[in-house]
Amino acid sequence: MTNKLVLIDGNSIAYRAFFALPLLNNDKGVYTNAVYGFTTMLLKVLEEEKPTHMLVAFDAGKTTFRHETFKDYKGTRQKTPPELAEQLPVMRDLLNAFRIPFEEVENYEADDIIGTLSVKAAKEGWETKIYTGDKDLLQLVDEHVQVALTRKGITNVDTYDLKALDEKYGLTPDQIIDMKGLMGDSSDNIPGVPGVGEKTALKLLAAHKTVEGVYENLDQVSGKKMKEKLEANEEQALMSKKLATILTEAPIETNIEDLPVQEADQGALASLFKELGFQSLLDRIGAEAETKEDLKDLEVIIPEKLTDEVLTEECALVVESLEDNYHHAAIIGAAAANENGVYFLKPDMLQDPAFQEWAADPDKKKWVFNAKRAVVSLGWEEIKLDGAAFDVQMASYLLDPGASSHDMADIAERKSGLQVQHDEAVYGKGKKQQVPDEDVLSQHLGRKAAALLELKPALEQELDDNEQLELLIDLEMPLSVILGRMEQHGVAIDKEELEALGKSLTERLEAIEAKIHDLAGTAFNINSPKQLGEILFEKLQLPPVKKTKTGYSTSADVLEKLEDSHEIIPEILLYRQLGKLNSTYIEGLLKAVNDKTGRIHTIFNQALTQTGRLSSTEPNLQNIPIRLEEGRKIRHAFVPTREDSVILAADYSQIELRVLAHISQDENLLKAFQEDMDIHTKTAMDVFSVAAEEVDGGMRRTAKAVNFGIVYGISDYGLSQSLGVTRKEAQSFIDKYFESYPGVKDYMDTIVDQARENGYVTTMMNRRRYLPEITSRNFNQRSFAERTAMNTPIQGSAADIIKKAMVDVDAALEESLLEAVMLLQVHDELIFEVSASQADELSELVSRVMESCVELDVPLKVDADYGKTWYDAK
DNA sequence: TTCCTCACGC
DNA sequence: GACGTACGTGAGGAAA
């Protein structure tokens with residue numbers, strides 16, 4: 001077997017990694033992005049190339065022998081950014097842990113080390129592969145030497161051998177140097193011949209092979225100007241060529257035989273990754289195995305009796321069930337932890353009156369992980385859980401909604417000294433999921449409870465430091481109980497109504513399908529973008545508007561552009577629309593109806609979105625159609641649980657823009673809401689500089705899209721897409737908007753500065769969102785972070801407000817004599833059911849509480865309506 | 001399984 | 001001037 005040598009251009013790869021990745025830092029505030037990128041590349045190289053020998057070459061000091069030739073060599077290069085410089089030593093630690101040799105040689109560059117070693121290897125008949133981001137190294141390609149150039153990112157590379165080089169540039173490796181000699185290199189400050197770029201250089205070399213060749217045949221060069229330029233710069237061209245030439249005989253002691261790839265020092269690697277916060281890489285090198293060994297047996301007691309030593313005044317409680325969906329999920333065990341010890345409770349012990357009495361006692365404080373899950377899963381077994389006083393998962397979410405995960409295992413890893421295994425590792429996943437033996441289960445749950453006990457005070461302190469304790473205790477904790485009750489109550493569904501809608505949809509779909517197949521001249525799967533693309537853009541020869549990674553785009557906006565070019569298009573759009581209704585809403589909702597209750601029980605995720613909104617799953621009841629009448633009919637199937645009841649919907653009018661008026665204190669916007677103007681018309685008046693009577697439908701539509709953009713933080717591009725105008729026009733609308741609302745502009749500027757300064761933004765109720773990318777040098781990432789900084793306080797404060805409203809409404813209902821139930825929340829809207837006779841009273845109460853739950857400098861306005869179904873509550 | 005494309009809501 | 005551009009959930013197809 002031949003030996004295989006991999007040579008890595010350390011500085012070049014480090015630079016690439018640094019600029020390709022966002023400026024990550026670990027929990028100690030140390031920058032790690034370049035190290036991270038470098039590591040992923042090393043892992044990939046080791047795995048894919050399986051080299052027998054390896055070396056990473058670094059540049060040494062500031063000056064090299066090349067400076068003797070040309071003192072300004074690399075003269076224009078910017079200083080290494082300090083954020084990168086501090087990472088370079090860490091890379092050496094990393095290489096030591098990997099046991100990969102590295103080298104730097106005084107007076108020479110990494111290129112020269114690589115050149116010299118690759119020649120040595122070639123002489124021995126070894127295969128060599130060079131990893132770099134620098135095209136210069138292509139001059140080293142030969143029969144036994146390949147060069148892998150980083151493309152976008154770092155792990156993506158283009159590999160060049162002689163053939164690939166010829167295909168791409170039509171050059172031999174030696175000619176790479178000639179090319180540099182002619183065109184120069186601004187990054188190394190190699191002058192070349194002024195006026196000669198890549199195109200010209202390639203042309204000259206194709207004709208005359210080398211720099212010297214060009215000058216010998218100067219008379220044959222076309223163009224008087226070009227000839228003059230070449231003539232005037234002959235010396236400079238030859239010097240440039242010399243500068244670009246990589247030494248293959250640098251004085252390097254190292255023998256290639258001394259660079260064998262060795263087994264990495266797993267311990268050193270694991271501890272380094274841990275220190276750097278590279279969790280994903282820890283998993284990748286199989287450090288789980290090692291941490292498992294670390295798990296010493298925790299003493300977990302299985303109590304005979306549930307005394308008040310086991311269930312104390314303040315106690316960590318774990319209630320475990322396996323399914324993601326906790327509605328009617330079997331509880332496989334529980335655990336308690338307190339100052340007396342850690343206890344495992346078998347499922348049947350939860351039926352013990354001693355447990356139930358303790359669980360229901362609000363004065364017995366429970367520290368839990370995902371309170372709603374515990375409340376609801378116990379709730380289905382008729383066990384009341386009250387006094388859930390601190391939710392560790394919620395705390396983690398509030399501290400940093402953007403954290404990579406809010407798993408028990410990961411939170412414990414990040415914030416405590418205790419190790420908790422991932423559920424997946426204990427229970428398996430998918431089909432292989434199962435309940436483990438009792439000793440394993442009791443250990444796992446015991447560890448969770450013990451971790452909760454340790455985490456609660458720590459997280460409580462962190463929240464307090466951030467002034468977020470109130471947000472947790474007075475808002476999210478009470479809300480989780482309310483949401484749990486809403487979920488468990490469920491929403492009644494008129495199955496017959498859905499089935500009838502489904503039947504008519506299916507019939508129409510079949511007819512449309514037949515028509516589409518007929519128009520296409522062949523049967524195919526309309527739901528397959530791939531097949532549909534082939535039919536439209538190949539068979540029917542329609543002009544492709546947009547491409548996706550995998551082929552032609554067939555999205556609605558593309559099809560709408562083609563609407564008039566073929567009669568099949570409108571049919572496809574209709575098929576898509578109805579197909580979506582049928583599969584997601586008719587079939588999806590019918591499947592979600594619970595056998596036991598006949599209702600739909602969604603799960604609200606309270607610890608997921610980056611802005612503080614809720615999300616809803618299995619099924620998602622926050623995206624039931626409303627815009628198009630066809631889909632809106634689905635709402636006919638959402639009915640009250642009782643004959644004589646109605647559905648009542650109460651929604652905030654323009655809550656985000658009102659919040660914006662309040663936090664920006666823009667006078668124009670404040671006034672608009674204080675005078676209860678139609679905000680889109682008002683915006684149209686301002687953006688188009690016209691009077692109210694002159695605002696036409698198109699202007700109002702545009703203004704609405706602009707407001708929408710402000711609220712959701714979309715870019716000029718996003719606005720241009722939604723309006724179907726150019727980016728420039730979209731930008732001019734935004735500019736005009738800011739001119740009219742200078743206070744809003746000020747707010748936007750200030751909040752971005754604030755985000756840059758603090759690293760995060762906050763909402764009215766002190767919800768936080770960290771925006772590390774705000775300092776990124778990548779334009780996209782930075783712009784995105786800036787828009788997020790502007791948008792999150794708006795959307796997040798609106799989320800705060802409706803959450804507060806839910807808590808207040810719940811309390812008000814409790815006090816009132818109304819028999820009303822809160823069913824759903826859809827971001828700016830609350831849905832209830834109530835007996836028909838009390839509907840007006842509820843409407844009045846809900847509107848009043850929602851409007852007064854916070855005091856802003858503009859009024860909050862609520863529209864409420866009710867009817868026999870959700871459809872009718874409009 | 002996992003990824004991609006598409007479509008629904010706010 | 002490049003880059004790929006509010007947040008979510010879910011369905012279906014295609015590739016692994």
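As a basis for the values below, the full set of heavy atoms in this structure was taken, side chains included, without hydrogen atoms, waters or symmetry mates. By convention in this document, chain letters (A, B, ...) are assigned in the order of the sequence lines, proteins followed by strands, and residues within each chain are numbered from 1. This structure is a prediction, so every number in the text was calculated from the model and none was measured.
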Visitor: Within the 4.0 Å heavy-atom criterion, would you say Thr611(A) contacts the bases, only the backbone, or no part of the nucleic acid?
Guide: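 Here Thr611(A) touches no strand at all.
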Visitor: Figure out the CG/P separation between Leu614(A) and dG9(B), and round it to whole Å.
Guide: 19 Å
Visitor: For Glu656(A), answer base if it contacts any base atom (sugar-phosphate contacts may also be present), sugar-phosphate if it contacts only those atoms, and nothing otherwise; contact means non-hydrogen atoms under 4.0 Å.
Guide: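 Counting heavy atoms under 4.0 Å across all strands, no contact is made by Glu656(A).
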Visitor: Nearest whole Å is fine: how far is dG9(B) P from Ile655(A) CD1?
Guide: 20 Å
Visitor: Contact class for Arg613(A) (heavy atom, under 4.0 Å): base, sugar-phosphate, or nothing?
Guide: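 It contacts base atoms.
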Visitor: Ignoring hydrogens and angles, tell me if any N or O in the side chain of His517(A) forms a donor-acceptor pair with the backbone of Phe524(A) under 3.5 Å.
Guide: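 Yes, His517(A) side chain to Phe524(A) backbone: donor-acceptor pair under 3.5 Å.
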Visitor: Of the candidate nucleotides dG9(B), dA6(C), dG10(C), which contains the atom at the shortest distance from the side chain of Tyr712(A)?
Guide: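 The closest nucleotide is dA6(C).
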Visitor: Could you tell me the separation between the CG atom of Asn582(A) and the C1' atom of dG10(C), rounded to a whole number of Å?
Guide: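 That distance rounds to 14 Å.
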Visitor: Mind calculating the distance between CD1 (Ile710(A)) and C1' (dC10(B)) to the nearest angstrom?
Guide: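 Between C1' of dC10(B) and CD1 of Ile710(A): 17 Å.
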Visitor: Touch check for Lys429(A), heavy atoms < 4.0 angstrom, all strands: base, sugar-phosphate only, or nothing?
Guide: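 Sugar-phosphate only.
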Visitor: Within the 4.0 Å heavy-atom criterion, would you say Gln610(A) contacts the bases, only the backbone, or no part of the nucleic acid?
Guide: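 Sugar-phosphate only.
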Visitor: Say we look at dC6(B) and dA2(C): how far apart would their C1' atoms be, to the nearest angstrom?
Guide: 28 Å
Visitor: For Asn780(A), which contact category applies under a 4.0 Å heavy-atom criterion: base, sugar-phosphate, or nothing?
Guide: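 It contacts base atoms.
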Visitor: Could you identify the nucleotide paired to dC3(B), looking across every strand shown and requiring Watson-Crick or G-U wobble geometry with both distances under 3.5 Å?
Guide: dG13(C)
Visitor: Among the nucleotides dC8(B), dG8(C), dG9(B), which one has an atom lying closest to any side-chain atom of Ile626(A)?
Guide: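 Of the candidates, dG9(B) comes closest.
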Visitor: For Phe733(A) and Tyr737(A): C-alpha separation, side-chain torsions, deciding distance, then whether ring pair (Phe, Tyr, Trp, His ring centres under 6.0 Å) applies.
Guide: CA-CA 6 Å; Phe733(A) 287 134; Tyr737(A) 180 93; over 10 Å; no
Visitor: Using a 3.5 Å distance criterion without hydrogens, assess whether the side chain of Arg658(A) forms a donor-acceptor pair with backbone atoms of Ser653(A).
Guide: yes
Visitor: Please give, in whole Å, the distance from dT1(B) P to Gln433(A) CD?
Guide: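 After rounding, the reported distance stands at 11 Å.
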Visitor: Looking only at side-chain N and O atoms, does Ser583(A) come under 4.0 Å of OP1 or OP2 in dG10(C)?
Guide: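 False: Ser583(A) side-chain N/O out of range (4.0 Å or more) of dG10(C) OP1/OP2.
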Visitor: As a test of reading the structure: which of dT5(C), dA6(C), dG9(B) is closest to the side chain of Phe708(A), going by heavy atoms?
Guide: dA6(C)
Visitor: How far, in whole Å, is dA6(C) from dC8(B) if one measures between their C1' atoms?
Guide: 15 Å
Visitor: Just checking Leu608(A): base, sugar-phosphate only, or nothing, at a heavy-atom cut-off of under 4.0 Å?
Guide: sugar-phosphate
Visitor: So what does Val711(A) hit on the nucleic acid, given a heavy-atom distance under 4.0 Å: a base, only sugar-phosphate, or nothing?
Guide: nothing
Visitor: Without decimals, in angstroms, what is the distance between Arg782(A) CZ and dA2(C) C1'?
Guide: 12 Å
Visitor: Just by distance, do the side chain of Asn791(A) and the backbone of Thr788(A) share a donor-acceptor pair under 3.5 Å?
Guide: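 A pair under 3.5 Å: no.
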Visitor: With a non-hydrogen cut-off below 4.0 angstrom, is Asn525(A) in contact with a base, only sugar-phosphate, or nothing?
Guide: sugar-phosphate
Visitor: Phe537(A) vs Tyr552(A) aromatic rings, parallel, tilted or perpendicular, using cut-offs 30° and 60°?
Guide: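 Judged by the thresholds at 30° and 60°, the geometry between Phe537(A) and Tyr552(A) is tilted.
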Visitor: State whether Thr584(A) places a side-chain N or O below 4.0 Å from either non-bridging phosphate oxygen (OP1 or OP2) of dA7(B).
Guide: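 Indeed not, no polar side-chain atom of Thr584(A) lies that close.
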Visitor: Looking at Ser783(A), I'd like to know whether one of its side-chain N or O atoms comes within less than 4.0 Å of OP1 or OP2 on dT5(C).
Guide: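 Answer no for this pair, as no side-chain N or O of Ser783(A) is under 4.0 Å from OP1 or OP2.
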Visitor: Compare the minimum distances between each of dC6(B), dC10(B), dG8(C) and the side chain of Asn623(A), then state the nucleotide with the smallest one.
Guide: dG8(C)
Visitor: Touch check for Gly430(A), heavy atoms < 4.0 angstrom, all strands: base, sugar-phosphate only, or nothing?
Guide: sugar-phosphate
Visitor: Considering every strand and a 4.0 Å limit on heavy-atom distances, what is the contact class for Thr554(A): base, sugar-phosphate, or nothing?
Guide: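 Sugar-phosphate contact only.
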Visitor: For dA14(C), does OP1 or OP2 lie under 4.0 Å from any side-chain N or O of Gln531(A)?
Guide: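 Checking dA14(C) against Gln531(A), a side-chain N or O does come within under 4.0 Å of OP1 or OP2.
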Visitor: Between dC8(B), dA14(C), dC10(B), spot the one nearest the side chain of Lys530(A), thanks.
Guide: dA14(C)
Visitor: Parallel, tilted or perpendicular: which one describes the rings of His406(A) and Tyr397(A), with boundaries at 30° and 60°?
Guide: perpendicular
Visitor: Any base atoms under 4.0 Å from Phe779(A), or only sugar-phosphate, or nothing? Heavy atoms, all strands.
Guide: base
Visitor: Closer than 4.0 Å, any side-chain N/O of Ser555(A) to the OP1 or OP2 of dT5(B)?
Guide: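 Looking at the OP1 and OP2 atoms of dT5(B), neither is under 4.0 Å from any side-chain N or O of Ser555(A).
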Visitor: Using the C1' atom as the reference point in each nucleotide, state the distance between dT5(C) and dG1(C) in Å, no decimals.
Guide: 16 Å
Visitor: Could you work out which one of dT9(C), dG13(C), dG9(B) sits closest to the side chain of Asn620(A)?
Guide: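 Of the candidates, dT9(C) comes closest.
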Visitor: Between dG12(C), dG10(C), dG9(B), which one does the side chain of Arg635(A) approach most closely?
Guide: dG9(B)
Visitor: Donor-acceptor pair, Tyr747(A) side chain versus Met790(A) backbone, under 3.5 Å?
Guide: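 Yes: the side chain of Tyr747(A) pairs with the backbone of Met790(A).
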Visitor: What's Arg632(A) touching, base or sugar-phosphate or nothing? Going by heavy atoms closer than 4.0 Å.
Guide: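 No contact at all - Arg632(A) keeps every heavy atom at 4.0 Å or more from the nucleic acid.
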Visitor: Give the nucleotide from the list dA6(C), dT5(C), dG12(C) with an atom nearest to the side chain of Glu587(A).
Guide: dG12(C)
Visitor: Sort out the partner of dC3(C) for me: Watson-Crick or G-U wobble, both distances under 3.5 Å, none otherwise.
Guide: none
Visitor: With no hydrogens and no angle check, is any side-chain donor or acceptor of Tyr427(A) less than 3.5 Å from a backbone partner on Lys432(A)?
Guide: no
Visitor: Nearest-Å distance, CG (Leu578(A)) to P (dC6(B))?
Guide: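 Atom CG in Leu578(A) sits about 18 Å away from atom P in dC6(B).
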Visitor: Can you check the distance between dA7(B) and dC3(C), where both ends of the measurement are the C1' atom (answer in whole Å)?
Guide: 26 Å
Visitor: Decide if atom NZ of Lys736(A) counts as having more than 12 heavy atoms of other residues, nucleotides or ligands within a radius under 6.0 Å.
Guide: yes
Visitor: Just to confirm, is there a sub-4.0 Å distance from OP1 or OP2 of dT5(B) to any side-chain nitrogen or oxygen of Thr550(A)?
Guide: yes
Visitor: If the cut-off is 4.0 Å, is Arg627(A) near the phosphate of dG9(B), judged by side-chain N/O to OP1 or OP2?
Guide: yes
Visitor: Looking across every strand, which nucleic acid part, if any, lies under 4.0 Å from Thr788(A) by heavy atom: base, sugar-phosphate, or nothing?
Guide: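 The residue Thr788(A) makes no contact with any strand.
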Visitor: If you check every side-chain atom of Pro529(A), which of dC6(B), dG8(C), dC10(B) has the closest atom?
Guide: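 Out of dC6(B), dG8(C), dC10(B), the nucleotide with an atom closest to Pro529(A)'s side chain is dC6(B).
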Visitor: To the nearest Å, how far apart are Leu581(A) CG and dG12(C) P?
Guide: 13 Å
